[in-house]
Amino acid sequence: MNIAEKTEAKIKEEIVRAVEAAGLASSEEIPDVVLEQPKDKQHGDYATNMAMQMARIAKKNPREIAGDIVEAFDKSKASIEEMEIAGPGFINFRMNNTYLAELVPSILEEKESYGKSGEARRERIQVEFVSANPTGTLHLGHARGAAIGDALCNILEAAGYDVEREYYINDAGNQISKLAESVEARYMQALGEEYAMPEDGYHGADIIELGKQLAAEEGARWTEVSGEERHRHFRESGLRYALSRIEKDLGDFRVTFDEWFSETSLYEENKIEAAVEELRARGLVYEQEGATWFRTTEYGDDKDRVLVKNDGTYTYLAPDIAYHKNKLDRGFDTLINIWGADHHGYIPRMRAAVQALGYAKETLEVEIIQMVNLFENGEKVKMSKRTGKAVTLRELMDEVGVDAMRYFFAMRSSDSHLDFDMDLARSESNENPVYYIQYAHARIATMLKQSEEKNLRSDEFDGTLLTSEKEIDLLKRLGEFPQIVEDAAVNRTPHRVTQYAFDLASNLHSFYNAEKVLDAGHPVRTASRIKLMEAVKQTLRNALALVGVEAPEKM
RNA sequence: GUCCCAGUAGCUCAGCUGGAUAGAGCAACAGCCUUCUAAGCUGUGGGUCGCAGGUUCGAAUCCUGCCUGGGACACCA
């Protein structure tokens, strides 16, 4: 437990004891204590609404109840300086702030672990994200999914969950055949053959290049084998090429996966048939009009869905069910899928599948990532200037850099649309939140460097000297971090971490302008403030790391 | 027609599982550099939380209906 948690736990404990001691309710009747940090500083460091919650149970008015609680409360047990009753019955607590200073040495000791949950949870969570079809490049929607997915994984890990990141490769569909045919055509053309591109083929320059490369490396040998064999070869070549490019793009975007799961493997191991049969055994499958149907309405879907079409082939749903069965068989407690907004209609049927396989509805969570709109010069950017097609992850990375993208994509709640302002993302000014935060980190780095040059460092630390308004604000902010991580994990809201980093940076800048750190005239205070700066620097770095943004030493 | 998401300051968005006078950034206005990075700070103004009901001590938050914007509703992958 970190210091903030310990402090809160003590207060809560004492509230419960006071309620009982005042004879207001028995221990079973007492609701969970809600302890919050008021937005308005005048309301103290913590506040509880216990008296209002007790109104119904104790049948007294909240202010009276609050009075009884305050009377029975032992302030010395919870480092409380002062208590007051306010508004409709809030009890406000003002802390004896010296406890806050303990944070600094504890953060410096925990280092990159500060913010992480002390104990590991048993829950295993698998997060599947991006999963773009391996037929082209990654676009902005994928980029946002990647940024949010990876940040969420980092945050879940920090909160103590056992996390696995997975990319599902849709390598069994029609599009892959088209890709294979396109590569094949380009290969033949590179060898000087007249060979038509397939209808709806992939006409990009990259595929032409790949065809040339294959022709150069492998010669004409594929013209001499059967069409089937040739097709299989170019399918593999095309796939390998597309995937390696995706992996490279994502790697440069600082996103890596533990597992790349192939859809084709489900076919090869007859997993799809097995999944359909399992549903059939549970009485959830029926035949009608020559097709095989899955009774998803049993689990709240609008209508039943086809698994096997009347031409004998599977719909996309069948392999998806087999895939999710495979995930569940691997023993994950929770599956989180990160999908683009255009897929939200599939949620009911996938949830139906999970339930049909005997798991609780909550086992599968789907996080929907809303659209990204690019803006430049105040105008919506529809298409890439270079290619005339949708803007890719790679292009934007080249334009604005990884840090800005990672931060911007994660800074809004995933279910609201994101307006991505390219001018802002590129700008090196205080308007750009990424620079603002990184600048705070770099500023501290500069101070630390100078503290060495000026020989102002020492191991002396006296927390009681950190009492200015800005220092207290900073300390309180530092103390919030573990709880922010916890909340972001539980609620699946990575944007809380970006927001926190911004707030902490803001506190730092504010402190910086108000107080001087390096002051030879006050050696102990200087040493203590240096420690405080180190703690802020560490916490900024930790917060940024969770969302995949670098913390530079100088700018 | 059905379903999902959104609607909060001029703009972009927060608002943590119902709490006090609804917050931040940008934009506007007024200030702060012989001092550790002014890529920064301080202050001021700005609100019918889409609309109407309901639930209760208390609603931006929960429920119902409606309005607006976006998306989804295949034996397509």
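Keep in mind it's a predicted model, so treat the numbers as computed, not measured. Here is the naming used below: chain letters follow the sequence lines, and residue numbers restart at 1 for every chain.
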Considering just the side-chain nitrogens and oxygens of A:T493, establish if one lies under 4.0 Å of OP1 or OP2 belonging to B:G15. no

Spacing of the C1' atoms in B:G46 and B:G10 (rounded, Å): 9 Å

5' to 3', nucleotides 71-77 of chain B under a 4.0 Å protein heavy-atom cut-off (B base, S sugar-phosphate only, - none) gives BS-SBBB

Touch class at under 4.0 angstrom, heavy-atom based, for A:A488 against every strand present: nothing

Taking only side-chain N and O atoms of A:H495, does any of them lie within less than 4.0 angstrom of OP1 or OP2 on B:G15? yes

Parallel, tilted or perpendicular: ring planes of A:F409 versus A:F420, cut at 30 and 60 degrees: tilted

Main-chain N/O of A:S427 paired to A:N432 side chain as donor or acceptor, under 3.5 Å: yes

Write down the partner of B:U12 under the Watson-Crick or G-U wobble criteria, each distance required to be under 3.5 Å. B:A24

Take A:D415 and A:K516, find for each the nucleotide of RNA chain B with the closest heavy atom, and name the residue whose nucleotide sits nearer the 5' end. A:D415

Would the distance check show the side chain of A:W339 and the main-chain N or O of A:E367 forming a donor-acceptor pair, the cut-off being under 3.5 Å? no

Identified pairing partner of B:U34, criterion: Watson-Crick or G-U wobble below 3.5 Å: none

A:K470 near the nucleic acid: base, sugar-phosphate alone, or nothing, with a heavy-atom cut-off under 4.0 Å? sugar-phosphate

At less than 3.5 Å, do the side-chain atoms of A:N92 and the base atoms of B:A20 form a donor-acceptor pair? yes

Can you list everything that forms a ring-ring contact (aromatic ring centres under 6.0 Å, His included) with A:Y512? Sequence neighbours excluded, please. none

Apply side-chain contact (heavy atoms from CB on, under 4.5 Å) to the pair A:V308 and A:E287, showing each step before the final yes or no. CA-CA 9 Å; A:V308 186; A:E287 310 291 328; over 6 Å; no

Below 4.0 Å: OP1/OP2 of B:C41 and any side-chain N or O of A:Y436: yes

Aromatic-base stack, A:F502 on B:G25, cutoff 5.5 Å, angle under 30: no

Classify the nucleic acid contact of A:E453 as base, sugar-phosphate or nothing, counting any heavy atom under 4.0 Å across all strands shown. nothing

Partner of B:G69 under the Watson-Crick or G-U wobble criteria, both distances under 3.5 Å, comes out as B:C5

Phosphate OP1/OP2 of B:A14 contacted by A:S413 side-chain N/O (<4.0 Å): yes

Result for 5'-nearest mapping on RNA chain B, choosing between A:Q450 and A:I368, is A:I368

Could you check whether the rings of A:Y346 and A:Y316 sit parallel, tilted or perpendicular, using 30° and 60° as the cut-offs? tilted

Under the side chain to side chain contact (heavy atoms under 4.5 Å, CB included) test, which residues partner A:A356, sequence neighbours left out? A:L279, A:L284, A:F294, A:Y299

Using a cut-off of 4.0 Å on non-hydrogen atoms, how would the nucleic acid contact of A:A440 be classed: base, sugar-phosphate, or nothing? nothing

Identified pairing partner of B:U17, criterion: Watson-Crick or G-U wobble below 3.5 Å: none

